[in-house]
Amino acid sequence: MDLFVLFKDHVQSVIDDLIKGDVLPQSVLVDVNFNAVNVEPPRDAAHGDLSTNAAMVLAKPAKMNPRALAEQISLKLAEIDIVKSAEVAGPGFINLRLEDSYWPQVIRDILADPVGFGQSDIGKDENGVSQKLNIEYVSANPTGPMHVGHCRGAVFGDALARLLEFAGFDVSREYYINDAGAQVDVLARSALLRYREALGEEIGEIPEGLYPGDYLVPLGETLKEIYGDALLSMEEDEWLPLVKQEAIEGMMGLIREDLAALNIHHDVFFSEKTLHEDQGAKIKAAIEFLREQGHIYRGRLDPPKGKLPEDWEDREQTLFRATDFGDDVDRALEKSDGSYTYFAADIAYHKDKYDRGFSHQIDVLGADHGGYIKRLKAALKAISAGDAELDVRICQLVKLLRDGTEVKMSKRAGTFVTLRDVVNEVGVDPVRFMMLMRKNDASLDFDFAKVTEQSKDNPVFYVQYGHARVHSIFRQAQEVMPGIDPASEKLKTASLNNLVDEGELGLMRRLAQYPRVIASAASAHEPHRIAFYLYELASELHSFWARGKVAPHLRIIQEDDWELTINRIALISAIGAILKSGLSILGVSAPQEMR
RNA sequence: GUCCCCGUAGCUCAGCUGGAUAGAGCACCAGAUUCCUAAUCUGGGGGCCAGAGGUUCGAAUCCUCUCGGGGACGCCA
């Protein structure tokens with residue numbers, strides 16, 4: 001149960017009452033945007049537990065003084081059982097304070113359903129059925145193992161998928177394999193070289209333009225096992241498809257392993273190549289579909305400003321009228337050799353997703369694809385007649401630092417850092433958490449020294465230690481007070497009396513915010529908000545724990561007071577549950593012990 | 001030349017889709033543990049929210065322009 005949603009309903013019904021009582025004019029029902037009315041925790045806790053701006057939003061349309069209106073509303077709100085006081089403050093805020101006896105309810109709610117607490121229904125339709133949502137992320141070219149650059153999008157997409165699932169969506173995780181372009185041809189040629197090497201040939205330096213990486217060596221061996229020396233006697237148009245097929249499978253195997261090392265698993269791997277099969281039947285169909293709607297025409301494009309490509313030729317071509325859907329220019333669908341552009345295939349791909357029932361789509365792309373957003377959105381709008389929505393999230397670059405100096409990466413110089421290197425060196429949890437401590441569209445410094453540091457300076461350990469601390473207290477309690485069992489069902493029926501210290505109340509208030517944090521992070525597609533919330537929750541826990549050092553009556557374990565001890569155990573058990581819940585959304589483990 | 005992202009404390013960043021006196025961490029200074037893990041906690045100084053206009057009861061947040069950093073700009077993927 002989300003406290004803030006509950007009170008928004010209360011506020012709404014008070015407004016309805018005031019309209020019925022002719023205090024407010026009927027006209028506000030049409031004049032007021034009720035979405036602007038909100039109930040939220042005040043920034044300053046001294047202002048109370050909940051705050052609403054209702055009077056200020058309503059004042060103007062109702063032609064009333066905001067403070068006078070606030071008085072009227074606050075009187076009604078004060079009648080609610082659990083409301084201790086309702087005060088008007090500032091320009092017309094209504095600050096609510098709840099009875100201290102209310103807060104333990106959040107502990108009961110959490111203990112009753114530790115895994116489900118905070119789940120949201122924003123992903124569900126009016127019948128309570130989860131809506132289908134497709135999130136495409138990673139989609140690295142299958143030409144080699146993943147490097148750190150891919151890492152952020154992978155972690156972000158995965159965490160967002162988990163978050164949206166938690167928020168009620170029926171989520172499908174998808175990987176788009178770019179197995180149709182020229183790059184995979186280069187891959188195949190590079191692989192053939194390794195194949196010849198496996199057959200004993202001296203291949204020398206890898207020629208410019210081919211992939212030099214050692215990771216292709218095993219692929220050469222595999223080709224040798226499958227084909228013997230048969231490929232050597234074939235023409236390129238004969239061996240290329242065979243080698244390409246094998247190479248892509250090999251590279252996708254590497255990539256899947258890399259992703260698995262990060263705890264990332266996709267539901268669907270969609271091959272771009274399948275769109276091009278049968279003379280591009282699927283792409284042709286998508287273009288035909290658009291043509292029927294009048295969104296395709298033959299025309300010329302202006303050459304791009306800034307730098308003119310050397311082989312620029314002005315020609316009439318098949319164009320998608322993207323400008324009708326918010327893009328800056330219309331977009332080409334066919335290359336000069338008659339084959340389809342990458343974008344044309346992508347239109348077919350997004351149409352395919354739409355046809356599979358995904359009206360909610362998210363693409364997670366790298367920073368270098370920023371210029372691609374508008375045309376993708378335009379395409380989905382056109383293909384779904386405005387029915388589907390696409391959000392494109394861009395992940396900015398990660399700057400790798402070692403001892404404070406930037407690690408420059410270059411494929412030529414062979415100094416690029418693979419994802420696997422990073423995971424092996426620092427571990428999955430720190431990598432994931434670090435990537436999620438930043439807003440996705442801000443660039444990110446990733447300092448090896450800091451990420452591996454096991455101290456409070458490292459937010460991962462700080463939050464995980466919060467969870468470990470909860471369990472540490474459990475262990476201690478069972479030792480000194482045999483008979484107390486944190487896992488027991490009895491905890492759920494604890495009296496929860498006497499949890500009246502500011503620290504305890506603060507923790508309960510913080511717990512009550514969890515559903516709200518989930519809902520806002522999910523609807524904004526911003527998983528980093530979870531990370532910050534967890535940090536704050538852990539911080540309050542550590543702080544309360546430390547106060548027990550100087551004020552013994554605040555320690556969780558009170559050997560001479562079983563009831564209080566059990567009540568506090570219930571409190572920290574709820575905290576542990578939320579830390580675990582939030583960490584699992586981020587895909588980070590919640591250890592019970594850290595030594 | 002056009003479009004997108006960013007600009008908040010010395011540093012790294014939050015700021016809950018427009019709310020009240022702008023917050024954390026690091027760094028710096030001063031403290032805290034006979035007993036629940038010091039991988040912790042308490043207190044302190046530190047700000048023209050890049051700048052200028054505008055929108056309104058109210059702007060770090062929305063709009064316009066300027067400056068600075070990054071990215072993208074027919075058929076690459």
Please work out if R555(A) contacts a base, only the sugar-phosphate, or nothing of the nucleic acid, heavy-atom cut-off 4.0 Å.
base
Need one value for S336(A): base, sugar-phosphate or nothing, where a base atom within 4.0 Å counts as base even if backbone is also close, heavy atoms only.
base
Would you say K549(A) places a side-chain N or O within less than 4.0 Å of OP1 or OP2 belonging to rC36(B)?
yes
With sugar-phosphate meaning primed atoms plus P, OP1 and OP2, does R393(A) contact a base, only sugar-phosphate, or nothing at under 4.0 Å between heavy atoms?
nothing
Angle class for the F325(A)/F320(A) ring planes (parallel below 30°, perpendicular above 60°, tilted otherwise)?
parallel
I'd like the P distance from rU17(B) over to rC49(B), given in whole Å.
22 Å
Provide the distance between the two P atoms, one in rA9(B) and one in rG46(B), to the nearest whole Å.
15 Å
Using only heavy-atom distances, decide whether a donor-acceptor pair under 3.5 angstrom links the side-chain of R469(A) to the base of rC36(B).
no
Which part of the nucleic acid, if any, lies within reach of H369(A) when heavy atoms closer than 4.0 Å are counted: base, sugar-phosphate only, or nothing?
base
Please tell me whether H542(A) and Y462(A) form a close aromatic pair, meaning their ring centres lie under 6.0 Å apart.
yes
OP1 or OP2 of rC13(B) under 4.0 Å from side-chain N/O of R438(A)
yes
Sugar-phosphate only, base, or nothing, as touched by P91(A) at under 4.0 Å among non-hydrogen atoms
base
rC36(B) P sits how many Å from D561(A) CG, rounded?
19 Å
What contact category does K60(A) fall into here, base, sugar-phosphate, or nothing, at under 4.0 angstrom with non-hydrogen atoms?
sugar-phosphate
Measure the distance from CZ on F433(A) to C1' on rU12(B) and round it to the nearest whole Å.
15 Å
Applying the side-chain contact (heavy atoms from CB on, under 4.5 Å) test to D429(A), which of L586(A), V463(A), L583(A), V588(A) qualifies?
V588(A)
Taking any heavy-atom pair under 4.0 Å as a contact, classify R529(A): base, sugar-phosphate, or nothing.
sugar-phosphate
With distance as the sole test, does R555(A) use its side chain to make a donor-acceptor pair with the main-chain N or O of G548(A) at under 3.5 Å?
yes
When all nucleic acid strands are considered with a 4.0 Å heavy-atom cut-off, which category describes Y462(A): base, sugar-phosphate, or nothing?
sugar-phosphate
For nucleotides rC13(B) and rG70(B), find the distance between their P atoms and express it as a whole number of Å.
15 Å
By ring-ring contact (aromatic ring centres under 6.0 Å, His included), which residues pair with F270(A), not counting sequence neighbours?
Y349(A)
Under 4.0 Å between a side-chain N/O of S543(A) and OP1 or OP2 of rU42(B), yes or no?
yes
Could you pick out which residue, L301(A) or S523(A), lies toward the 5' side of RNA chain B when each is mapped onto its nearest nucleotide?
S523(A)
Is there a donor in the side chain of D363(A) and an acceptor in the side chain of Y372(A), or the other way round, less than 3.5 Å apart?
no
How would you label the contact of A332(A) with the nucleic acid (heavy atoms, under 4.0 Å): base, sugar-phosphate, or nothing?
sugar-phosphate
Consecutive-pair stems (3 or more, Watson-Crick or G-U, under 3.5 Å) for RNA chain B
B:1-7 with B:67-73, B:10-13 with B:23-26, B:28-32 with B:40-44, B:50-54 with B:62-66
Do D179(A) side-chain atoms and K273(A) backbone N/O form a donor-acceptor pair below 3.5 Å?
yes
